[in-house]
Structures are given as C-alpha cells and as structure tokens.
Amino acid sequence: MNILVCISKAPDTTSKITFKESNTSFNEDGVQFIVNPYDEWYALVRALELKETQGGKVTIISVGGADYEPIMRKALAIGADEAVRVDAQPLDAFQVASEIAAYAADKGFDLVMAGKETIDYNGAQVGGMVAALMHLPYVSNATKMDVAGSEATVERDKQGGTEVLSVSLPAVISAAKGMAEQRIPNMRGIMAARSKPLQVIPSSAPAQLTETVRYELPPEKGSVKLIDPENVNELVNLLHNEAKVI
Amino acid sequence: MNVLVFADSDNGKVAKAAYEAASYGANIATKSGGKATLVTYGQVDNLNELAQYGISDILHAESVDHVDPMQLAALVDAAAQSTGADLLIFSHDYTGKTIAPVVSARMKAGMVTGAIDYPALDGDFVVKTNVFSGKAFAHVKINTDKKVITLLPNSVSKSKSEANANVTAFAPDLGNASVSIKETKIKGGDGINLTEAELVVSAGRGLKAPENWGMIEDLAHELGAATACSRPVADVGWRPHHEHVGQTGIAIRPDLYIAVGISGAIQHLAGVNGSKVIVVINTDPEAPFFKAADYGIVGDAFDVVPKLVAAVKELKASQS
Ligand SMILES: Cc1cc2nc3c(=O)[nH]c(=O)nc-3n(C[C@H](O)[C@H](O)[C@H](O)COP(=O)(O)OP(=O)(O)OC[C@H]3O[C@@H](n4cnc5c(N)ncnc54)[C@H](O)[C@@H]3O)c2cc1C
C-alpha cells in the first residue's frame with residue numbers, strides 16, 4: 001500500500017482567535033500550531049495501521065511555507081515515512097488541492113487520505129477537489145476503513161445514519177472520528193523523524209479562485225440573565241415572550 | 001445571475017435543509033435578475049412542498065441513487081449546463097459538503113463553504129462564512145464567473161408561498177458508479193436532525209451517568225427539540241457520536257440551545273455560539289458557559305430539568 005496523507009496546520013483548539021491589519025489577516029502571535037486533528041488522529045493513524053498490517057509506505061504532503069515543517073516533523077514522528085512540502089502559501093482550497101493533485105498525479109498512490117475538514121477554515125473542500133482533479137473515486141466522512149486487495153470497504157456518516165460502501169482503489173478518502181485512535185509520538189519516533197526525508201518541491205502555480213477580504217469576530221454577548229432555580233416557570237416565560245424561541 | 005440549487009434526498013423525501021437553500025437561491029436570483037432552478041434525484045414525494053419555497057422549476061433525476069458522489073457531481077454539472085447556472089447552491093450537510101467541492105473543482109468555480117448570509121451582489125461577490133469552527137467569520141470573495149456556495153442550515157429565514165412544482169424529468173449520462181453500497185444503518189430516535197434542528201437540548205458530564213439522560217430526552221420531546229452532547233460524553237459512549245457538538249464535532253446554529261451540565265470549554269462553545277439564544281443550567285456559578293449565555297440558572301440539573309419539563313408542558317397545554 002502506497003498511501004499519501006494530506007496534512008494541514010491549524011491553531012491549537014484552545015487558541016483565542018484575533019486578527020490584525022484591520023481584520024484582514026489572522027494574528028498568529030502567541031498561537032500554538034498543531035497538525036489539524038482530523039488529518040492527524042484519523043487519516044494519518046489509519047494510514048499507518050494499514051501500512052503496518054499490509055506493508056508499503058506512508059507519505060505526507062503539506063502545501064505551505066517553512067513554518068509548516070514543525071508540524072510535518074510531528075507527523076513523521078508519529079510514523080509517516082517521508083514528507084513532501086509544496087513551497088507555496090496556502091490561500092484557497094482549490095489552489096491547495098491543485099498542488100496536491102499535481103504532485104500525486106504520476107506517483108501511483110493506492111490511497112490519498114485527508115481529514116474531513118480543517119478546524120480553522122472548516123472548508124471540507126480539499127479531499128473532494130483532489131478526487132475531482134485526479135479523476136478518482138471519493139468517499140467523505142469515513143469513520144472506518146479496511147482494505148483488501150484493490151478494494152476498500154468504508155463506513156461513512158450520512159444524514160440520519162451510516163452507510164457501508166465498497167470502492168475500488170486508487171481512491172480519495174476523507175477521514176472523520178472513529179477511524180483510528182490518536183497516537184502520541186514516543187522518543188524514538190521523535191529522534192527518527194529528524195532524519196526522515198522532507199522534500200521541498202516548487203509550486204505548480206495553480207489558480208486561486210477565492211480570497212478572504214476581511215475577518216470579523218462574533219459580537220460580545222450581553223450579560224446573562226440569571227433566573228432563580230425555584231422559579232423555572234420564569235425561564236419558560238422569558239423564552240416564550242421575550243426571546244420568542246418556544 | 002442564474003441560480004441552481006441542489007436538493008439532497010433520502011428515504012423518499014427531499015431533505016428539509018433544501019427548503020432553506022431553495023429560499024436562499026430564489027432570493028439571489030430575484031435580486032440579480034436571473035432565473036432559479038432546482039435539481040434533485042431519487043424517488044421523492046414532497047416536490048410540491050419544496051416548490052413553495054421559491055423555486056418551482058425542478059429537474060428531477062428519478063432513477064439516480066445517492067451512493068456515488070462523483071455521479072451526483074456529474075448530475076449537478078449537467079443541470080448547471082442545461083440551465084446556464086452561474087451560481088450553484090448546496091446545503092452544508094453531508095451530501096452537500098461532499099459533492100460541492102467536486103463540482104467546484106470540475107468547473108473551476110470558486111467556492112465558499114458554510115455561508116451564513118446572503119452574498120453582496122453590488123460590486124464584488126463576497127460571502128460571509130463561519131471560520132475557526134465558529135470562533136470567527138470570514139468575508140470571502142469569489143473571483144470566478146461561476147460560483148459555488150454551501151449554506152449552513154438555519155442561517156437565513158425561509159419564505160413560503162403557494163406554488164406548484166413544474167417538474168422536468170432529467171436523465172443525463174452520469175458515467176459508471178465507482179462506489180457501491182453494501183449496507184445502510186439508519187439510527188433510531190424520533191428523527192429530528194441535529195444540524196437542521198431549531199431547538200436543541202444538550203447535556204454534558206454534569207449528568208454523571210448515561211441512565212440520567214431520560215429527563216434530557218423528556219425536555220427535548222416536550223419542546224420538539226433535537227438532543228446533543230459534549231465531547232467527553234460521546235467519547236465514553238454515554239451518547240452516540242453524532243450528537244457531539246463543538247470544534248471537533250458538528251457546528252450548529254439553532255434558535256435555542258439549552259446546555260445542561262456542560263462547563264462551556266472553548267472547544268465546545270466553538271460549535272454552538274452561532275445559536276440565537278443560549279440557556280445554561282449548571283451548579284457552578286463560575287462555569288465559563290454563563291459568559292456565553294443569554295439566560296442562566298445556577299442550580300442542580302436533577303432538580304431544575306424536571307421542573308423545566310413540567311413548565312414547558314404547562315405552556316404547551318395553554319397553547320393548545
Ligand atoms: C483538541 C480538543 C478538541 C475538543 N473538541 C471538543 C468538542 O468538539 N466539543 C466538546 O464539547 N468538547 C471538546 N473538547 C473538550 C473540552 O475541552 C471539554 O473538556 C469538554 O467540552 C467538557 O465537557 P463537559 O462540559 O461535558 O464536562 P466538564 O467540563 O466536566 O463540565 C461538567 C459541568 O457540569 C457541571 N455540573 C456538575 N454537576 C452538575 C449538576 N448536577 N447539575 C448541573 N451542572 C452540573 C459542572 O459544574 C461542570 O461545569 C476538546 C478538547 C480538545 C483538547
């Protein structure tokens with residue numbers, strides 16, 4: 001099994017989000033970056049499990065500047081064999097997907113995996129776009145996946161339930177919770193990661209179809225209206241007559 | 001601009017989220033002097049109801065099933081070509097999230113996911129969307145002539161008016177399926193879909209054990225609400241995973257979110273702070289959730305929730 005896992009960087013989930021330059025860019029000061037949880041916990045770990053049982057190689061790919069390398073080293077420490085960084089600022093999902101598809105086109109991967117979305121832009125776009133650009137089958141939101149020969153059996157979430165599908169490889173799969181358990185890198189992994197190959201390749205200069213012009217923070221909530229626990233009727237009354245939601 | 005709205009279908013019905021997407025698409029078409037069309041698939045019996053949300057021209061691919069995202073994307077592609085659509089609208093639900101990026105990449109149409117408002121139509125085409133899992137908003141400009149938007153459910157109000165569906169059978173060539181279905185598991189429950197729900201009752205570790213959820217379900221039942229939970233509760237299996245809301249669960253925007261025994265960690269708030277009204281019930285007056293709440297009760301869930309169930313029953317009785 002030759003597996004490519006798409007890895008994105010995201011602010012740690014405890015980060016307070018602020019913006020700078022008149023709200024046109026994300027303020028990275030003091031923000032700790034992590035491997036996007038869906039990419040790491042589910043896509044990468046499941047790829048490693050498949051490699052461990054079936055042999056093969058796990059390559060990770062990120063589209064980003066040199067600031068991506070610490071999180072890429074983390075993915076190598078968890079167990080990926082090698083890493084590729086496409087040297088370009090990620091500005092839009094189509095551009096990122098195009099870079100990944102351009103790299104992967106002639107490498108003969110059996111599986112391309114991504115997280116179901118990132119926790120910063122929540123676009124849920126890259127997996128589907130890579131599949132479209134590479135003309136490969138696509139299954140999103142996979143919560144379980146097994147591979148036998150050239151066929152994968154995938155369980156995915158759908159409206160109101162789940163579905164078990166079979167898909168022939170090569171294919172693109174986006175991973176959601178359930179697919180694997182988080183792995184904490186050990187000392188040996190961290191040491192080994194330092195000498196694993198991390199190749200930097202130039203951008204294929206794809207088009208960018210969208211741009212973020214401005215950010216905005218949600219309005220501060222006014223102070224909470226507290227209701228006496230002995231007077232629960234008052235809450236129902238307020239929800240009905242004041243907030244008008246019930 | 002000409003607008004095409006994709007309506008997902010499942011179990012013999014067009015999904016309810018599509019009603020909102022239809023209203024949204026119809027409004028944009030009217031404001032920009034274009035025509036709106038809807039495309040859906042499968043055997044469905046509520047096209048006449050769907051038509052009342054602003055788009056009566058419906059392309060219906062009855063023989064198509066929902067399994068292969070690539071075939072559904074091809075269906076939308078074909079519908080976009082036959083209607084000359086400039087803007088494609090999907091609901092930001094499982095199916096919409098899956099096929100919209102495929103369509104976008106095929107058409108090289110710039111895409112915004114999780115829109116929460118109408119696009120600006122004078123000058124640049126800019127759409128407001130949720131980012132950082134609900135901790136902020138971004139205004140994203142689409143630079144291409146063809147455009148794709150996925151709309152987060154409960155973002156705009158839907159308007160209903162009398163109309164009859166004008167259905168055209170649609171059977172484009174979708175190529176071969178690359179994915180086949182082995183099994184479908186439908187989960188039980190009374191079927192209120194969490195992402196579409198207008199009212200949500202949610203509970204966390206403060207409830208102490210899974211057998212204590214009866215009162216939460218009672219409250220949800222009285223209100224006609226969906227149930228949700230915090231992540232640790234899903235992690236230990238007290239509640240099913242699909243109820244887990246927050247940064248690593250699902251993001252929701254109901255009119256009312258009632259949080260019982262949930263502390264209000266930043267990762268939890270991320271998924272629910274788009275709710276219009278938040279009620280927090282917690283024994284700890286210092287719980288961070290109170291800072292994000294509109295109404296709060298500092299009290300024991302085991303005492304407060306049953307009283308709340310009774311009070312809601314009373315209200316419903318007085319209304320009927
Ligand atoms: C990377 C990452 C991602 C995460 N993603 C998510 C996510 O998506 N969603 C999410 O929810 N969490 C997420 N978390 C976890 C989050 O940080 C919190 O740990 C979690 O939300 C806490 O759940 P809780 O509020 O149910 O439990 P607790 O924090 O234990 O809070 C229980 C609350 O119940 C109250 N209580 C106790 N007894 C009673 C009673 N009898 N009546 C009323 N109140 C009572 C307590 O005062 C307390 O406030 C994430 C964490 C990390 C690190």
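Remember, predicted model here, so these are calculated numbers, not experimental data. Letters A, B, ... mirror the listed sequences (proteins, then strands); counts begin at 1.
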Query raised in the report: Which residues, numbered in order, of residues 17-37 of chain A come under 4.5 angstrom of chain B by heavy-atom distance?
Result: A/I17, A/F19, A/F26
Query raised in the report: Is any residue of residues 234-242 of chain A within less than 4.5 Å of chain B by heavy atoms, and which ones?
Result: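 Listed by number: A/L235, A/V236, A/L238, A/L239, A/H240, A/E242.
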Which one of [options] has the most heavy-atom pairs closer than 4.5 Å to chain A?
{"options": "B/S178, B/A177, B/G296, B/P254", "answer": "B/G296"}
{"options": "B/S104, B/A292, B/G224", "answer": "B/A292"}
{"options": "B/P101, B/P240, B/G134, B/G274", "answer": "B/P101"}
{"options": "B/Q319, B/K182, B/K108", "answer": "B/K182"}
{"options": "B/K128, B/E196, B/E314", "answer": "B/K128"}
{"options": "B/A136, B/P285, B/G299", "answer": "B/A136"}

If you count heavy-atom pairs under 4.5 Å with chain B, which of [options] comes out on top?
{"options": "A/T212, A/D92, A/D120, A/V167", "result": "A/D120"}
{"options": "A/E211, A/R156, A/E117", "result": "A/E211"}
{"options": "A/V213, A/N233, A/V130, A/L217", "result": "A/V213"}
{"options": "A/R214, A/E163, A/K16, A/K116", "result": "A/R214"}
{"options": "A/S166, A/P137, A/P229", "result": "A/S166"}
{"options": "A/A132, A/P11, A/A97, A/A101", "result": "A/A132"}

Requested in this report: Name all residues meeting the ring-ring contact (aromatic ring centres under 6.0 Å, His included) criterion together with A/F94; count only those two or more places apart in sequence or in a different chain, and write none if there are none.
Outcome: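 None.
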Looking only at non-hydrogen atoms, find the nearest pair between [X] and [Y] and report the distance.
{"X": "B/V131", "Y": "A/Y121", "answer": "CG1-CD2, 3.7 Å"}
{"X": "B/T98", "Y": "A/S140", "answer": "OG1-OG, 2.5 Å"}
{"X": "B/S275", "Y": "A/K221", "answer": "O-NZ, 4.2 Å"}
{"X": "A/A243", "Y": "B/V277", "answer": "CB-CG2, 4.0 Å"}
{"X": "B/T113", "Y": "A/G123", "answer": "CG2-O, 3.0 Å"}
{"X": "B/G110", "Y": "A/L209", "answer": "CA-CB, 3.5 Å"}

Under 4.5 Å from any heavy atom of chain B - which part of [X]:
{"X": "A/E155", "result": "side chain"}
{"X": "A/N141", "result": "side chain"}
{"X": "A/S174", "result": "neither"}
{"X": "A/A124", "result": "both"}

Is [X] atom [atom1] crowded by more than 12 heavy atoms from other residues, nucleotides or ligands, each under 6.0 Å away?
{"X": "B/K316", "atom1": "NZ", "value": "yes"}
{"X": "A/E220", "atom1": "CD", "value": "no"}
{"X": "A/K144", "atom1": "NZ", "value": "no"}
{"X": "B/K13", "atom1": "NZ", "value": "yes"}

For the [atom1] atom of [X] and the [atom2] atom of [Y], what is their distance to the nearest 0.5 Å?
{"X": "A/S223", "Y": "B/K291", "atom1": "OG", "atom2": "NZ", "result": "12.0 Å"}
{"X": "A/T118", "Y": "B/F132", "atom1": "OG1", "atom2": "CZ", "result": "9.0 Å"}
{"X": "A/D157", "Y": "B/I250", "atom1": "CG", "atom2": "CD1", "result": "9.5 Å"}
{"X": "A/I119", "Y": "B/K135", "atom1": "CD1", "atom2": "NZ", "result": "7.0 Å"}
{"X": "A/N122", "Y": "B/S133", "atom1": "CG", "atom2": "OG", "result": "4.0 Å"}
{"X": "A/T143", "Y": "B/H241", "atom1": "OG1", "atom2": "NE2", "result": "9.5 Å"}

Measure distances from [X] to the heavy atoms of chain A and classify the residue's part below 4.5 Å as side chain, backbone, both or neither.
{"X": "B/N11", "value": "neither"}
{"X": "B/K147", "value": "neither"}
{"X": "B/A251", "value": "neither"}
{"X": "B/M111", "value": "both"}
{"X": "B/V279", "value": "side chain"}
{"X": "B/I181", "value": "both"}
{"X": "B/I297", "value": "both"}
{"X": "B/E198", "value": "neither"}
{"X": "B/L308", "value": "both"}

Just wondering, do [Y] and [X] contact through their side chains at under 4.5 Å, heavy atoms?
{"X": "B/V102", "Y": "A/M129", "result": "no"}
{"X": "A/V232", "Y": "B/V304", "result": "yes"}
{"X": "B/I99", "Y": "A/Y138", "result": "no"}
{"X": "A/E216", "Y": "B/H139", "result": "yes"}

Query raised in the report: Would B/K97 and A/Q125 count as a side chain to side chain contact (heavy atoms under 4.5 Å, CB included) if you check the C-alpha gap in whole Å, the side-chain angles of each, and the deciding distance to 0.1 Å?
Result: CA-CA 8 Å; B/K97 275 197 240 188; A/Q125 300 179 44; over 6 Å; no
With the threshold set at 4.0 Å, does a side-chain nitrogen-carboxylate oxygen contact exist between [X] and [Y]?
{"X": "A/K177", "Y": "B/D235", "value": "yes"}
{"X": "B/D255", "Y": "A/K244", "value": "no"}
{"X": "A/K225", "Y": "B/D294", "value": "no"}

**Report entry** Worked check of side chain to side chain contact (heavy atoms under 4.5 Å, CB included) between A/I246 and B/L223
**Finding:** CA-CA 7 Å; A/I246 64 172; B/L223 287 166; 3.8 Å; yes
Requested in this report: Can you check whether anything in residues 265-272 of chain B gets within less than 4.5 Å of chain A, heavy-atom wise, and list it by number?
Outcome: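 At a heavy-atom separation under 4.5 Å, chain A is reached by B/I266, B/Q267.
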Report task. Return yes if a side-chain donor-acceptor contact under 3.5 Å exists between A/Q208 and B/N143, otherwise no. Result -> no
